[in-house]
Amino acid sequence: MKEKTVYVCSECGYQSVRWLGRCPECGKWNTFIEEVNLKTKVNKGEVIPPKKITEVKTEKQPRVKTKIGEFDRVLGGGVVVGSFILIAGHPGVGKSTLLLTISGIISKEGRKVLYVSGEESESQIKLRCERLKINSDNLYLLASTDVYSIKNALEKLKPEFLIVDSIQTVYNSEIPTTPGSVTQVKENANFLFNYTKKENISTFIIGHITKEGAIAGPKLLEHMVDVVIYFEGETKSNLRILRAIKNRFGPTDEIGVFSMEEIGLKEIPDASAIFLPEFRKTLPGAVFFPSQEGKRTIIVEIQSLITPTYYGIPKRAVTGLDYNRVSLVLAVLEKKLNFNFSTYDVFVNVGGGFKITETASDLPVAISCVSSLKDIPPCEDTVFIGEIALTGEIRPVSQINSRIKECARLGFKKAIIPEGNIKESKKTKEMEIIGVKWLKDCISIALSL
Ligand SMILES: Nc1ncnc2c1ncn2[C@@H]1O[C@H](COP(=O)(O)OP(=O)(O)O)[C@@H](O)[C@H]1O
Ligand SMILES: [Mg+2]
Ligand SMILES: [Zn+2]
């Protein structure tokens, strides 16, 4: 086999014969690294006759519950037997803790679990197990990075569950690149995938998210796996969120909420108010928004700070929201309502480190920005919901009633919602509901402008 070098994008795996500054596939800069091109054998393939759809039998895919409700919810009701799952997150977020905890529960129920770690020694893992109160005769540890020793252990042990912590540490000595390189990660993940499918076991691989560079990002693996789950959290806070971004066996809009404690991860099933400040005050720039994550409503505070620009180009800093979405809202406010942000720095933030992934937050973002610009607090005990169109019109959003219900439960008195949602909204005596059709009308109601 003749080895040739090839340049590979460490983010998405795109290959090129030449080094490129920017990846044409994923658009990232400086991600190309030189690797060895492995020639794959040409496979003639088996002869499998296609079946008529009427002859295909359906089987309900069995699921194993991990009994961690927040985790099962994100997976769509437990682990589908035979699935290959990627858990990605920044170092220190709690990936090992989560999967060791799950290994403990599953093995306690009599299922054989193999936990492979290339990150820690056996005794380090044992110490962690003691701290997390995990102990089971069916939980096996293998501290190794060698893909062949993993293979041998799998063949000998025949586990039902396999955890690989982390995919970036797995190494195949026959591939002439370093652990964590694109080729290593791809080939080793491929081996684990094939084993998972052949033996119908359930496999979790942990992937570290790192800064661009020599280590292959989990993006590379996303198309290969059945389920991609991101484990997110801020270092300052002990709140952790699990989010499925791909799921062949379930929805991708459910989140799981945890808090990282000394004794391990604690579930937070009642998370609707977890991101809210303890004392809800009415302040300029602070606007409340009920965000919908699957079946669950999470109420957050959107905060803006608009200050005059003194040097050069005005700054725009956005955290917890889509930057482009916030830019769109500012553009509509400028063009349609004549608010001028061009000589101001704009900071927009979601309280508590929550990430909003829907467009229903457009309206609260707009109100927050104008409220800070004019230094006028929004009306008291009010939540705002609505998508903003380029015309300045307020568009309806999904699941209006579950949002309103949760806001009422937490003591909010007024909801300003899209006119288009009024018909379906259920009237309650605790909550005054106002429908708005245009952003302009909403601003005059909210800020008396
Ligand atoms: N000995 C310990 N005592 C208390 N908390 C710990 C200990 N070790 C780790 N942790 C907590 O667990 C977190 C790391 O979790 P871990 O599962 O190792 O993360 P990851 O595998 O994602 O890198 C730390 O940020 C810390 O909060
Ligand atoms: Mg770890
Ligand atoms: Zn790329």
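In this chain, residues are counted from 1 in sequence order.
Applying the ring pair (Phe, Tyr, Trp, His ring centres under 6.0 Å) test to every pair with at least one member in residues 405-430, sequence neighbours left out, gives these pairs: F288-F412. Each ring pair (Phe, Tyr, Trp, His ring centres under 6.0 Å) pair with one or both residues in residues 82-136, not counting sequence neighbours, appears once here: F84-F193. Residue pairs meeting the side-chain hydrogen bond (donor to acceptor under 3.5 Å, both in side chains) criterion with at least one member in residues 369-379, sequence neighbours excluded, do not occur.
Side chains of V383 and P290 form a contact here, defined as non-hydrogen atoms less than 4.5 Å apart. Residues I434 and K414 form a side-chain contact, since some pair of their non-hydrogen atoms from C-beta on lies under 4.5 Å apart. Within the 4.5 Å cutoff, the side chain of V225 has heavy atoms near those of the V228 side chain. Within the 4.5 Å cutoff, side-chain heavy atoms of I416 are placed close to those of T382.
Note that CD1 of I134 and CD1 of I105 are 8.0 Å apart. Values are rounded to the nearest 0.5 Å. In this structure, CG in L162 is found 7.5 Å from CD1 in I150, a value given to the nearest 0.5 Å. Between the SG atom of C442 and the CD1 atom of I417 there is a distance of 11.0 Å, given to the nearest 0.5 Å. Atom NE2 in H208 sits 11.0 Å away from atom CD1 in I167 (nearest 0.5 Å). Summarising the geometry, atom CD belonging to E70 is positioned 8.5 Å from atom CG belonging to L242; distances are rounded to the nearest 0.5 Å. Atom CD of residue E358 and atom CG of residue D253 lie 10.0 Å apart, to the nearest 0.5 angstrom.
Defined by atom type and a distance below 3.5 Å, a donor-acceptor pair is missing between the side-chain atoms of N247 and T252. Of the N and O atoms on the side chains of S425 and K427, at least one donor lies less than 3.5 Å from an acceptor on the other residue. Checking Q292 against S402 by side-chain atom types alone, a donor-acceptor pair falls below 3.5 Å. Checking T66 against D72 by side-chain atom types alone, a donor-acceptor pair falls below 3.5 Å.
T31 approaches C9 most closely through the heavy-atom pair OG1-SG, 3.3 Å. When all heavy atoms of P364 and V287 are compared, the closest pair comes out as CB-CG1, 3.6 Å.
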Open item on the list: Between E406 and T297, is the side chain to side chain donor-acceptor pair (under 3.5 Å) condition met? List the steps.
Closed with: CA-CA 7 Å; E406 203 54 29; T297 305; 5.5 Å; no

Open item on the list: What verdict does the side chain to side chain contact (heavy atoms under 4.5 Å, CB included) test give for R325 and T359, after you've listed the backbone C-alpha separation in whole Å, the side-chain angles of each residue and the deciding distance to 0.1 Å?
Closed with: CA-CA 8 Å; R325 216 55 223 176; T359 51; 3.6 Å; yes

- [ ] List the steps and the verdict of side chain to side chain donor-acceptor pair (under 3.5 Å) for T178 and Q184.
- [x] CA-CA 7 Å; T178 51; Q184 287 281 355; over 6 Å; no

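Residues meeting the side chain to side chain contact (heavy atoms under 4.5 Å, CB included) test with L20, sequence neighbours left out: Y14, S16, P24, F32. Shown here are the ring pair (Phe, Tyr, Trp, His ring centres under 6.0 Å) partners of F275, two or more places apart in sequence or in another chain: F354. Judged as a side chain to side chain contact (heavy atoms under 4.5 Å, CB included), and not counting sequence neighbours, the contacts of R128 are S96, T97, L100, E120, R131, L132.
The pair K112-E160 does not count as a salt bridge, with every side-chain nitrogen at least 4.0 angstrom from each carboxylate oxygen. Taking a cutoff of 4.0 Å between a charged side-chain nitrogen and a carboxylate oxygen, E432 and K413 do not qualify as a salt bridge. Ionic pairing of R409 and D270 is present here: one or more N-O contacts between side-chain nitrogen and carboxylate oxygen are shorter than 4.0 angstrom. A salt bridge does not link E232 to R240: none of the charged nitrogens lies less than 4.0 Å from a carboxylate oxygen.
For D137, the CG atom sits in a loose shell: 12 or fewer heavy atoms of surrounding residues, nucleotides or ligands are nearer than 6.0 Å.
With E430 contributing its side chain and G411 its backbone, the two residues share no donor-acceptor pair below 3.5 Å.
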